[in-house]
Amino acid sequence: MSLNIFNALTGRKEPFEPVESGKVGMYVCGVTVYDMCHIGHARSLVVFDVIYRYLLDLGYQVTYVRNFTDVDDKIINRANQLGEDWKELAERFIREFYVDVDALGLLRPTVEPRATDHIPQIQSLVERLIEREHAYEADGDVMFSVESFDGYGRLSGKKVDELISGARVEVDQKKRNPLDFALWKAAKPGEPSWPSPWGPGRPGWHIECSAMSMDYLGQEFDIHGGGADLAFPHHENEIAQSQGATGKPFARRWIHNGFVNIRSEKMSKSLGNVLNIRTVLQDFHHEALRLFLLSKHYRSPLDYNDESIREAAVGLERLYSAMAGLDKLVGLQGRARELPEPLTNIRERFREAMDDDFNTPRALAVLFDAARAINTIATARRPPRDKAPLPELLGAARKDITDMSRNILGILTEDPRVFLDDMRMKRALARGLDAAEIEARIVARAEARSKKDFAAADRIREELAEKGVVLEDNPEGTTWTVKDLQVD
RNA sequence: GGCGGCUUAGCCAAGUGGUAAGGCGACGGUCUGCAAAACCGUUAUACGGCGGUUCGAAUCCGCCAGCCGCCUCCA
């Protein structure tokens, strides 16, 4: 099987064939830098990060472009509100963006262009559109004429006349048609501006993406992505501008990720339920967040609530703990010549899932199946020790699992032992517990147990349990874990 | 009003014609001094409802109901 991608332009899954064999050009609409990134941004960022990683895994030479919108109404308004220079504000939120993005473990795109660095490209695109009579000048603004472009509405499945009748946009006298949109906006006093043939002004929102994508990827490229809300009007307008200017098809396929809801409600400033990435990461490991975001297919809406993120955190720990178990098994020098089925063909099954429009829930199931198989061996090993598979077989399975999860999903990137220890220490710290003290109590309990004084031993265990410490007796001794405050 | 999408077990979630992945939880068992963890088993004769197509449908078609998104800035 090979990669199939759902194309919003056709509404179908289609076999993926790049414009240029072996190479992929992908443009994803980034953020407008006027505020902190929230969990909705996180979904888009992680989804396209995984798509990027998977394309790389398939061996494509990928040029991944993700822009910053660093001049726009929202930035200017926010800057005015705060009495901050708009440029400084944008720079500040770009820095904050990188804090979040790095915390999420995202790969850096090939290029991260900024709108303000592409004013000449934007202007020449606007000029071209005027020449081709797709755009007109009005009082220092330049508007795109929607009626001049035949295919308008194809991506979003809308018809121009239907849009007009249902239009809620305020009537702008400068527009010939209410659906026309600004390519270039004349500067009001005090606003950032660049000189242009139409007077000082700044780019409209949509044009920057056309200019930058074509600048780095050419007039026709493979994938254009973004959040579901961008399909209309943003992406629709991009298509109109780009095709209008070049006469070429522009992006061949469009990928839109679904929204994140918060406790079944749309996340919005007015509801006051906007959840920032760093807020979530205070309580949960970034891989737990990634796992959560990837636990549902990227096109469907995803509901964030205490239970759903908790489940992801528990699931991540299950995977890590199985991996720790696997490492122990490798050291066992087993002799069985066969692996259980879930530990075979991991790459094939994982890729088969990903090939089906990046079906990450299915890919995760491959990992969970493997985890169970590992635990089964680990549990069954005790008396018949030669039931454990040969170390080289286990080692190969280990590599398959980590290659897939680490390189493609960006989870299980840490050494399992280190991960589990860190997790335990973080939780102990959160509960104000001291490891040495706990271990002293464990020693005391061991003494009581050796004297068969189980009442005393159980008293110690209960006393620790009240503090959130869970003991596990096993043949090698007693280990302890701490219950997560979030999970508890 | 227009366009699009969704409805699978207690919960989350895969599954687009051949008889329901995976996770969380619950219950029973194994292990254990007892636990914990892990494992094993059980937990949807059934996929919103009603019809239709088909040898056969959660999967295709129609109607109905409920939910949601977009049509305005938004990931």
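Lettering of chains follows the sequences in order, A, B, ..., and the numbering in each one begins at 1. What you see below is based on every heavy atom in this structure, not just the backbone, and it leaves out hydrogens, waters and symmetry mates.
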A:Glu462 atom CD is separated from B:A36 atom P, nearest whole Å, by 12 Å
TODO: Would you mind classifying the nucleic acid contact of A:Lys266 as base, sugar-phosphate or nothing, using non-hydrogen atoms under 4.0 angstrom?
DONE: base
Practice task
Could you give the distance separating B:G28 and B:A35 at their P atoms, to the nearest angstrom?
Solution key: 12 Å
Taken to the nearest whole Å, CG/A:Leu329 to C1'/B:A38 is 12 Å
In Watson-Crick or G-U wobble terms, with both distances under 3.5 Å, the base opposite B:C3 is B:G69
Worksheet item: Has A:Thr376 got a side-chain N or O lying under 4.0 Å from the OP1 or OP2 atom of B:C40?
Response: yes
For A:Asp458, answer base if it contacts any base atom (sugar-phosphate contacts may also be present), sugar-phosphate if it contacts only those atoms, and nothing otherwise; contact means non-hydrogen atoms under 4.0 Å. base
B:C74 -> Watson-Crick or G-U wobble partner, both distances under 3.5 Å, gives none
* Does the ring center of A:Phe68 lie less than 6.0 Å from the ring center of A:Phe93? -> no
Review point. Taking only side-chain nitrogens and oxygens of A:Lys74, does any of them come within less than 4.0 Å of OP1 or OP2 of B:C73?
Key: no
Item checked: Centroid-centroid distance, A:Phe419 to A:His285, less than 6.0 Å -> yes
Under a 4.0 Å heavy-atom cutoff, the residues of residues 28-41 of chain A touching RNA chain B are A:Gly30, A:His38, A:Gly40, A:His41
Rounded to whole Å, the CZ-C1' distance (A:Phe93 to B:C74) equals 16 Å
Taking a pair to mean Watson-Crick or G-U wobble geometry with both distances below 3.5 Å, B:G25 pairs with B:U43
Residues of residues 444-454 of chain A with a heavy atom under 4.0 Å from any atom of RNA chain B, listed by number, are A:Arg445, A:Arg449, A:Phe454
pair_partner(B:C63), Watson-Crick or wobble, both distances < 3.5 Å, evaluates to B:G49
**Item:** Side-chain ion pair, A:Glu352 and A:Arg349, N-O less than 4.0 Å
**Value:** no
Is there a side-chain polar atom (N or O) of A:Trp205 under 4.0 Å from OP1 or OP2 of B:C74?
yes
All N/O pairs under 3.5 Å across the protein-nucleotides 24-26 of chain B interface:
from, atom 1, to, atom 2, distance (Å)
B:C24, O2', A:Arg310, NH2, 2.6

Rounded to whole Å, CG of A:Leu326 lies from C1' of B:A37 at a distance of 17 Å
Q.
Check this for me: A:Arg347, atom CZ, are more than 12 non-hydrogen atoms of other residues, nucleotides or ligands nearer than 6.0 Å?
A. yes
Re B:G18: Watson-Crick or G-U wobble partner, both distances kept under 3.5 Å, found to be B:C55
Exercise. Ring centroid separation for A:His235 and A:His256, is it under 6.0 angstrom?
Worked result: yes
Looking at B:A38, I'd like to know if its phosphate oxygens (OP1 or OP2) sit under 4.0 Å from a side-chain N or O belonging to A:Lys328.
no
Are the aromatic ring centres of A:Phe6 and A:Phe358 under 6.0 angstrom apart?
no
